[in-house]
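Every chain is numbered from 1, with letters handed out A, B, ... down the list of sequences. Hydrogens, waters and symmetry mates are skipped; everything else that's a heavy atom, side chains included, is used. This one's a predicted model, so the numbers in the text were calculated from it and none came from an experiment.
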Protein chains: 2
Amino acid sequence: MYKISKQREWIYTYMLEHPGQHFSAEDIFAGLNEMGKTVSLATVYRNLKILQNEHRIGSLMLTSGKQVFDQTCRPHDHLICTHCHRVYDVDMTYDRSLERKAENQLQLPIESHSLILYGICADCLKER
Amino acid sequence: MYKISKQREWIYTYMLEHPGQHFSAEDIFAGLNEMGKTVSLATVYRNLKILQNEHRIGSLMLTSGKQVFDQTCRPHDHLICTHCHRVYDVDMTYDRSLERKAENQLQLPIESHSLILYGICADCLKER
DNA sequence: CCTTATCTAAGAACTATTCTTAGTTTAACC
DNA sequence: GGTTAAACTAAGAATAGTTCTTAGATAAGG
């Protein structure tokens with residue numbers, strides 16, 4: 001189905017080399033181009049979509065309507081700092097039972113969920 | 001600060017008259033115009049933003065990047081049907097302690113959160 | 001009333017994302 | 001290892017959703 005392409009591997013490698021970060025397509029486009037790896041923005045978008053289809057990466061829609069991409073598609077939650085607006089991955093242990101609890105309460109089959117916490121991140125907290 | 005405007009009250013009333021629904025700006029624009037209440041799309045967008053600032057309505061960003069508006073800004077959760085894609089308001093009782101649990105686990109101040117459940121709604125379940 | 005800030009419509013502009021096209025690269029198969 | 005076909009790329013046009021600009025209309029306070 002999909003063939004290996006130089007550009008797609010650049011994109012994926014770029015993401016893995018920046019652990020913990022969340023990237024817009026534009027971020028990756030700029031980052032690769034700065035490294036001399038010229039790639040067009042449409043190619044970045046197309047390949048991010050392919051990487052998602054292949055379950056190699058995940059994505060998150062911010063309240064601003066901008067999409068950011070995540071190095072993993074393993075289910076996890078997010079913390080968004082209300083001060084610096086950075087996005088962090090978090091693993092809320094209690095969260096694992098959330099879907100079963102929702103099923104019991106709503107009496108409907110629940111397949112997945114998305115949880116975003118808004119608060120102050122450790123870095124911003126230190127700066128006060 | 002804000003003056004009362006005919007158009008803004010049309011928009012707000014339109015939303016209240018369709019309880020349980022979630023509207024895009026385009027939905028409201030089309031709905032009002034069908035009723036003979038002509039209003040421009042930019043006015044709908046501007047007033048939805050004002051209604052949000054006034055805390056009269058809420059909003060939700062879908063994974064598609066489209067924004068929908070909610071009759072209430074009272075904190076609550078959402079269920080999105082993976083079959084018909086309708087958006088429902090849900091009130092998960094367990095959810096009230098979620099922010100305190102997150103604070104304990106992350107050791108950071110949490111101000112709010114957004115929880116979206118994905119599953120099959122009652123209507124779609126019936127149709128099988 | 002009169003003033004003035006806020007409001008509207010209409011359409012231009014903007015931003016993020018996707019599509020189109022023509023030519024290139026990858027890999028499957030002989 | 002060469003051929004072929006499918007998947008790929010860059011570049012820019014196109015689309016969709018939302019916001020801005022402008023000139024004129026409308027509320028609300030004095």
Any base atoms under 4.0 Å from [X], or only sugar-phosphate, or nothing? Heavy atoms, all strands.
{"X": "A:S24", "value": "nothing"}
{"X": "A:I4", "value": "sugar-phosphate"}
{"X": "B:S40", "value": "base"}
{"X": "B:E26", "value": "nothing"}
{"X": "A:A42", "value": "base"}

Determine: side-chain N/O of [X] to OP1/OP2 of [N], distance under 4.0 Å, yes or no.
{"X": "B:K6", "N": "C:dC7", "value": "no"}
{"X": "B:R8", "N": "C:dC7", "value": "yes"}
{"X": "B:S5", "N": "C:dT8", "value": "yes"}
{"X": "B:Y45", "N": "D:dT19", "value": "no"}
{"X": "A:Q7", "N": "D:dA10", "value": "yes"}
{"X": "A:N47", "N": "D:dC8", "value": "no"}
{"X": "A:K66", "N": "C:dT15", "value": "no"}

Open item on the list: What's the closest nucleotide to the side chain of B:L41 if the choices are D:dT18, C:dT8, D:dT19?
Closed with: D:dT18

For [X] and [N], give me the distance from atom [atom1] to atom [atom2], rounded to whole Å.
{"X": "A:L48", "N": "C:dT17", "atom1": "CG", "atom2": "C1'", "answer": "11 Å"}
{"X": "A:N33", "N": "D:dA11", "atom1": "CG", "atom2": "C1'", "answer": "13 Å"}
{"X": "A:F29", "N": "C:dT17", "atom1": "CZ", "atom2": "C1'", "answer": "14 Å"}
{"X": "B:D27", "N": "D:dA16", "atom1": "CG", "atom2": "P", "answer": "16 Å"}
{"X": "B:R46", "N": "D:dG17", "atom1": "CZ", "atom2": "C1'", "answer": "17 Å"}
{"X": "B:E54", "N": "C:dT6", "atom1": "CD", "atom2": "C1'", "answer": "12 Å"}
{"X": "B:M61", "N": "C:dT15", "atom1": "CE", "atom2": "C1'", "answer": "13 Å"}
{"X": "A:Y2", "N": "D:dT9", "atom1": "OH", "atom2": "P", "answer": "12 Å"}

Would you find a donor on one side and an acceptor on the other, under 3.5 Å apart, between the side chain of [X] and the backbone of [Y]?
{"X": "A:Q105", "Y": "B:D91", "value": "yes"}
{"X": "B:Q71", "Y": "B:E17", "value": "no"}
{"X": "B:D27", "Y": "B:S24", "value": "yes"}

Task: Matching residue for A:H78 among A:L117, A:L115, A:D89 - test: side chain to side chain contact (heavy atoms under 4.5 Å, CB included) - done: A:D89

Task: Beyond-backbone contact of B:T63 with B:Y118, side-chain heavy atoms, under 4.5 angstrom - done: yes

Task: Contact check, side chains of A:L108 and B:L79, non-hydrogen atoms, under 4.5 Å - done: yes

- [ ] Please confirm whether any donor atom in the side chain of B:K3 sits under 3.5 Å from an acceptor in the base of D:dA27, or the reverse.
- [x]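 It does, because a donor-acceptor pair links the side chain of B:K3 to the base of D:dA27 below 3.5 Å.
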
